[in-house]
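Heads up, the thing below is written out as structure tokens.
All values reported here derive from a predicted model rather than from experimental measurement.
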Amino acid sequence: MAEQNSTSNDSGGCGVTDLHRVRRFLCLGTEFGTYTLDEKIKLGRENAESLVRLIHDGRGEEVVEEISKFSREGKAVKQQPVIFALALCARESDVKTKQAAYKALSKVCQTPTQLFAFVNYAETLSGQSTGWGRAQRRAVQAWYNEQEPRQLAYLVTKYRHREGWTHKDLLRLCHLKPTNQGVAVVIRYIVKGFESAEKEFDKEDASDDVKNVLTFLRAVEDVKNMRDEGSVAGLVEQHKLAKEHIPTQLLKSKEVWRALLQDMPMTSLLRCLGKLSAIGLLAPLNDQSQAVCERLTDEEQLKKALVHPLTLLTALKQYERGRGDKMKQKWVPDPQIMEALNTAFYNSFKNIEPTSKCILLAVDCGRSMAFSGVNGSSGLTAAMAAGAMAMCVARTEPNSHVFGFTDQLVQMNITTDMRLDQILQIVGATPKGRTDCVLPILYAKDNNIPVDMFLYLTDNKTGTGDIRPSEALKQYRAATKTDARLCVCAMSSNSFTLADPEDAGMLDIIGLDSLALQVIRNFALGDI
């Protein structure tokens, strides 16, 4: 879209356009300037009024392109707002908007979970109508027919139902006619079961696609009725079955998890380390622990998985404490794995793509930071998370400044080779006092320091002195004649408001995790 995200307003702020509100909605799930990690998103037309206005202004096709862009480029930290926005475009009366939305369906909704969500939103938005007109039937038909047959078989058996919908429901409503034999096998399996699909398609002259699909589906069905752990593990390895394919009673088996571990994605591995140790698969110096350590310290695998340092630090601290969040699972941490996670943490900084913006990071150095937890990053203190973020900025953003503040402001001389414990010592040595959030902005104004974004990291203390941060930011903008931005991240808070919702250059974040980090990056780059 050609329209800019924001325009200057008379009060010295960055005015919010409808386009900017739409981008906020796609990224945050709200048109306002606050992102909350744990908040369950409730979506309706009333949440996306700017999107509807743009459609009614004749810009529906542009809106769909923006939706596709956010999905394609990974700028949407949660998929629900993007899928809801696409469904809203599909249910609008404007024909061109509707056509563009349904054309984008297969690219935006790449998994059955996302497809089910789209259908559910579309039906809800249709009111008394079912929403299953010709355009929707064709779009859903295309979703199934455009899949590679073996991949389709994997998807429909891994994600069998979501949002109260099943694949059988969708096939009944879209009147699907398969465009090739491989897809036809999967459709017969969904509608009438494996025996019917096998009877119809298991022929000597069957195509390779048909044979591959039948072989995979046979393995999925066999696993359902197996009790022998070794046999199930063998099918998992041979056919690359997922955890969702395995009966619940076998998900405590070391043999089965050993097989699942072979092709487990890096992020899933990080989440499962505790469980794998709890069932005894990972133990000091055994082969599986050695293999896991090799994966964790493989820089190429880390780079490919795009794992952020904060994610690895969280995984390390969670594993280190030897218990799950709800105390249902306990394990003895393996020192070898802890060392591998620590190595991975430091290696992963190389994979952060810089924003190339002038960033002033302001770290709250109050005493409570050392023991306040972080919403979204279990096991971390606010000080640890702030230290890791300071490392990120120092190592990847050449045009950056890092300050510590309470009722005083201290420049923190953090170098690119410092380790986390060294940074925490610097934070701990900073003078303590009442937190005043405006000090970093006023200092930058008085010393003519160029800043594109002020990033504040605090636990839950967002108090100020005589003026509010929003007013201090306006003063900085006026003095420097720039559109500097302000992002305040209260890592331990449940609720706070500092940002002016009518200023496109202000953002509040409640909590901190890898998704919040993407929000911060989007904000720094001006994408939201």
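- The number of heavy atoms from other shown groups lying within 6.0 Å of NZ (Lys103) does not exceed 12.
- Looking only at distances, a side-chain donor or acceptor of Lys432 sits under 3.5 Å from a matching main-chain atom of Thr430.
- For the pair Arg162 and Phe116, the cation-pi test (distance below 6.0 Å, angle within 45°) is failed.
- Using a 4.0 Å cut-off between a side-chain N of Lys or Arg and a carboxylate O of Asp or Glu, Arg91 and Glu123 do not qualify as a salt bridge.
- Under the 3.5 Å distance criterion, with hydrogens and angles disregarded, a donor-acceptor pair is assigned to the side chains of Asp364 and Thr458.
- Here the options are Ile509, Ile441, Leu361, the test is side-chain contact (heavy atoms from CB on, under 4.5 Å), and the partner is Tyr456; only Ile441 passes.
- Taking the six-membered ring for Trp and thresholds of 30 and 60 degrees, Phe349 and Phe345 have ring planes more than 60 degrees apart, a perpendicular arrangement.
- Environment of OH in Tyr346: crowded, with over 12 heavy atoms of neighbouring residues, nucleotides or ligands closer than 6.0 Å.
- Side-chain contact between Leu115 and Tyr159 is absent, with no heavy-atom pair separated by less than 4.5 Å.
- Residues Leu306 and Asn351 fail the side-chain proximity criterion, which asks for heavy atoms closer than 4.5 Å.
- Rounding to the nearest 0.5 angstrom, the gap separating the OG1 atom in Thr435 from the CG atom in Asp459 is 7.0 Å.
- Ring-centre distance between Phe405 and Tyr443: not below the 6.0 Å cut-off.
- A salt bridge links Glu320 with Lys317: the distance from a Lys NZ or Arg NE/NH1/NH2 to an Asp or Glu carboxylate oxygen falls below 4.0 Å.
- The structure places CG of Asn522 at 11.0 Å from SG of Cys487, a figure rounded to the nearest 0.5 Å.
- Within 6.0 Å of NZ in Lys240 there are 12 or fewer heavy atoms belonging to other residues, nucleotides or ligands.
- With hydrogens and angles left out, the side-chain atoms of Gln425 and Asp421 include no donor and acceptor closer than 3.5 Å.
- Taking each heavy atom of Asn399 and Ser356 in turn, the nearest pair found is ND2-O, 4.4 Å.
- When all heavy atoms of Asp527 and Phe70 are compared, the pair lying nearest together is O-CZ, 3.6 Å.
- Using a 30° and 60° split on the angle between ring planes, Tyr319 and Trp331 fall in the parallel class, below 30°.
- At most 12 non-hydrogen atoms from other residues, nucleotides or ligands lie less than 6.0 angstrom from CZ of Arg367.
- One finds no salt bridge joining Lys69 and Glu62 here, because no Lys/Arg side-chain nitrogen approaches an Asp/Glu carboxylate oxygen to under 4.0 Å.
- Paired with Cys109 under the rule side-chain contact (heavy atoms from CB on, under 4.5 Å), one option of Val82, Ile83, Val119 passes, and it is Ile83.
- Checked for salt-bridge contact, Arg160 and Glu244 miss the test: no charged N lies under 4.0 Å from a carboxylate O.
- Under the 3.5 Å distance criterion, with hydrogens and angles disregarded, a donor-acceptor pair is assigned to the side chains of Glu31 and Ser50.
- Ionic pairing of Glu65 and Arg59 is not present here: no N-O contact between side-chain nitrogen and carboxylate oxygen is shorter than 4.0 angstrom.
- Taking NZ of Lys75 as the reference point, atom CG of Leu525 lies at 7.5 Å (rounded to 0.5 Å).
- In this structure, the side chains of Leu442 and Ile467 come closer than 4.5 Å at one or more pairs of heavy atoms.
- Counting heavy-atom neighbours within 6.0 Å of Glu353 CD, excluding the residue itself, gives a total of 12 or less.
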